[in-house]
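Note that the coordinates shown come from a computational prediction; the quantities given were computed from them, not determined experimentally. In what follows, chains carry the letters A, B, and so on, assigned in the order in which the sequence lines appear, proteins first and then strands, with residues in each chain numbered from 1.
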There are 2 protein chains.
Amino acid sequence: MAGADVPTRLLQAAGRVFADKGYQAATVRDICAEAGVNVASVNYYFGDKSALYVAVLTRARQVRAERYPLPRWSPGTSADERLRDFIGVMLQRMVAAPESGWNTRLMLREVLEPTGFCDRLVQQYFRPLFEILVGILRELLPEGTPGHVVHQVGFSVIGQCLYYRVAQPVLALLVPTEERAAWFQPQQLADHITRMTLAALGAGPTLKELDASAPDAGCVPADAGPARDGAACVFDAPLLQRAEPLLSVDDVDH
Amino acid sequence: MAGADVPTRLLQAAGRVFADKGYQAATVRDICAEAGVNVASVNYYFGDKSALYVAVLTRARQVRAERYPLPRWSPGTSADERLRDFIGVMLQRMVAAPESGWNTRLMLREVLEPTGFCDRLVQQYFRPLFEILVGILRELLPEGTPGHVVHQVGFSVIGQCLYYRVAQPVLALLVPTEERAAWFQPQQLADHITRMTLAALGAGPTLKELDASAPDAGCVPADAGPARDGAACVFDAPLLQRAEPLLSVDDVDH
DNA sequence: AGTTGTTTCAAACATGCGTTTGAAACACAG
DNA sequence: CTGTGTTTCAAACGCATGTTTGAAACAACT
């Protein structure tokens, strides 16, 4: 991380610092200290602070999409399987990002407090994603479902995914540490959201039905590994087959 | 608004400015100009900028809870009715706040970027609310449902409510203005989320079943008023009976 | 009117910010 | 080694910020 060339080091350090403190509160001196370079470097290589910010944001979007890509579905893939995949990838991008995801925090910040770059971000990144989700939901909903209902269901899906990132500090104070470690891993959350959504649409069993079909299921906590000796896990059965491993690199660059 | 005494004017102006720009970017001079008072006033009355911020945040929490209170349920009130109420109040607090809710933006900002005051906010405000929701959900879910599942469902509910506030700028770019005006009013969103949740739990009809029971329902857009001449509205029937009217005051104070 | 305590105000202060600068250090071809 | 273009660096420059100050304006009571 310290051996790369100066512009790269700046981009990486700036990502962390901007995400931590926000655009205004992050100082050029902070960033340069973190990167281990001189203060003048940011102006030398990027022109000014705001240009560095735009560069960081652009890079964050690219890296996100490349590192956690949507699978390329074969034509016959069913809609609910694609929904599972979609939610899984969303959640990975949200919470599985390295270093607890300055990447995501940065984009959230931009959404909450648009700095003018937000529009482009939405048009280039969020909108295509949302279109894909809407396409999936249209297949799952009855034909002729009004557009606004499809949209609302879409936002319900994204809203659930987003929450586990937005409210991470809150969640940490509401749910005991052991429970979080055992039941709030990305894959488990993805399963939960998928189940909720499919059930709401009528395309899958409701939580009540799930419970009735396996009333005594002792769900498998995250660190229990593959010791699936007893009854099939009801609430936490792995639904994501093609989930990439959760990388633990320290930054967006290798 | 301009006639009140100086500390009050400062609190109101500071609320707007802090919510708009964040703690760092908001300048004392901005706030004082907005309030129409001298720059020295904030130090005279509050000590320093950070004390003013804490005062604003405290006040925002109080006013929120007072202005949009949860109904006091009579003992016989069913769980799903209480869920409807809960979601309705949440959404009102989220999106119905006056002046497009600097109130909510302020708390979101604090959650996303904790300034040290976040912990108290969670313990005093979020946790009691979450406990109520969990209590309701426990009645709706089968007996013996594991705690973490109840929690996850709770976060799904809150996540959906939150999204329409967090992602407001994004939503504005993804959904055409007319559709937003007609179908994305607080009450309609509350109905949608309640329906989704009850359906997922198995305590209400799924969207598919709703469609089957009234396939040609032409939902009533927001501004169509009580002209409920034709078939009953399937997706947008008003579910919230005791919803307070949406106040349009300019600030938290009368 | 005079006194006392409170509130307002314009101006100044100290600090930290983003940015600039000019020289030193470096890389490397001729 | 010399010359040339690039990169680094410590120091400084403006400027905007949070805060302080001391006097003026005001209010309330004797």
Side-chain angles (χ1 to χ4, degrees), chain A residues 1-60 102 106 109-110 113-117 253, chain B residues 1-60 102 106 109-110 113-117 253:
Chain A
M1 196 245 336
D5 63 340
V6 175
T8 304
R9 291 228 300 278
L10 272 176
L11 278 175
Q12 297 172 350
R16 289 189 294 267
V17 178
F18 277 136
D20 269 355
K21 312 196 175 183
Y23 178 77
Q24 285 281 346
T27 75
V28 171
R29 283 173 172 83
D30 275 350
I31 294 170
C32 290
E34 175 103 0
V37 303
N38 188 268
V39 253
S41 304
V42 31
N43 297 302
Y44 181 74
Y45 284 104
F46 293 93
D48 61 4
K49 183 188 179 183
S50 73
L52 172 61
Y53 179 72
V54 171
V56 166
L57 214 56
T58 305
R59 193 179 168 75
W102 61 260
L106 204 65
R109 212 181 272 285
E110 181 63 26
E113 172 182 15
T115 62
F117 192 67
D253 293 320
Chain B
M1 192 231 3
D5 63 340
V6 175
T8 305
R9 290 228 300 278
L10 271 176
L11 278 175
Q12 297 173 350
R16 288 189 295 267
V17 177
F18 277 137
D20 268 356
K21 312 195 175 185
Y23 178 77
Q24 284 282 348
T27 75
V28 173
R29 283 173 172 82
D30 274 351
I31 294 170
C32 290
E34 176 102 358
V37 304
N38 189 270
V39 255
S41 304
V42 30
N43 295 299
Y44 181 74
Y45 284 104
F46 293 92
D48 61 2
K49 183 187 178 183
S50 73
L52 172 61
Y53 179 72
V54 171
V56 165
L57 215 55
T58 305
R59 193 179 169 75
W102 62 258
L106 204 65
R109 213 180 271 286
E110 182 62 26
E113 171 182 16
T115 62
F117 192 68
D253 294 319

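- Proximity of A/Thr8 to A/Gln12: side-chain heavy atoms (C-beta onward) are separated by under 4.5 Å at one or more points.
- Heavy-atom distances to DNA chain C give each of A/Ala40 and A/Ala26 a nearest nucleotide, and the one nearer the 5′ end belongs to A/Ala26.
- Summarising the geometry, the separation between CZ on A/Phe46 and P on C/dT20 is reported as 16 Å, rounded to the nearest angstrom.
- With A/Asn38 contributing its side chain and A/Ser41 its backbone, the two residues share no donor-acceptor pair below 3.5 Å.
- Nucleic acid contact class of B/Val6 (heavy atoms, under 4.0 Å, all strands): sugar-phosphate only.
- One can place CD of A/Gln24 at 9 Å from P of C/dG18, the figure rounded to the nearest angstrom.
- Remark: the backbone N or O of A/Val42 is not paired with any side-chain donor or acceptor of A/Lys49 at under 3.5 angstrom.
- Between B/Val42 and A/Tyr45, the residue anchored nearer the 5' end of DNA chain D, judged by the nucleotide with its closest heavy atom, is A/Tyr45.
- Taking the 5' to 3' direction, DNA chain D first and last meets chain B under 4.0 angstrom from a heavy atom at D/dT17 to D/dT21.
- Remark on DNA chain C: of its neighbouring residues A/Val39 and B/Tyr44, the 5'-side contact belongs to B/Tyr44, judged by nearest-heavy-atom nucleotide.
- Side chain of A/Asp5 to backbone of A/Pro7: no donor-acceptor contact under 3.5 angstrom is found.
- Judged as a side chain to side chain contact (heavy atoms under 4.5 Å, CB included), and not counting sequence neighbours, the contacts of A/Thr58 are A/Val54, A/Arg61, A/Gln62, A/Phe117.
- Taking the six-membered ring for Trp and thresholds of 30 and 60 degrees, A/Tyr23 and A/Phe18 have nearly parallel ring planes, at less than 30 degrees apart.
- Note on B/Ala25: nothing from the nucleic acid sits closer than 4.0 angstrom, heavy atoms only.
- A donor N or O paired with an acceptor N or O is found under 3.5 Å between the base of C/dG18 and the side-chain atoms of A/Arg29.
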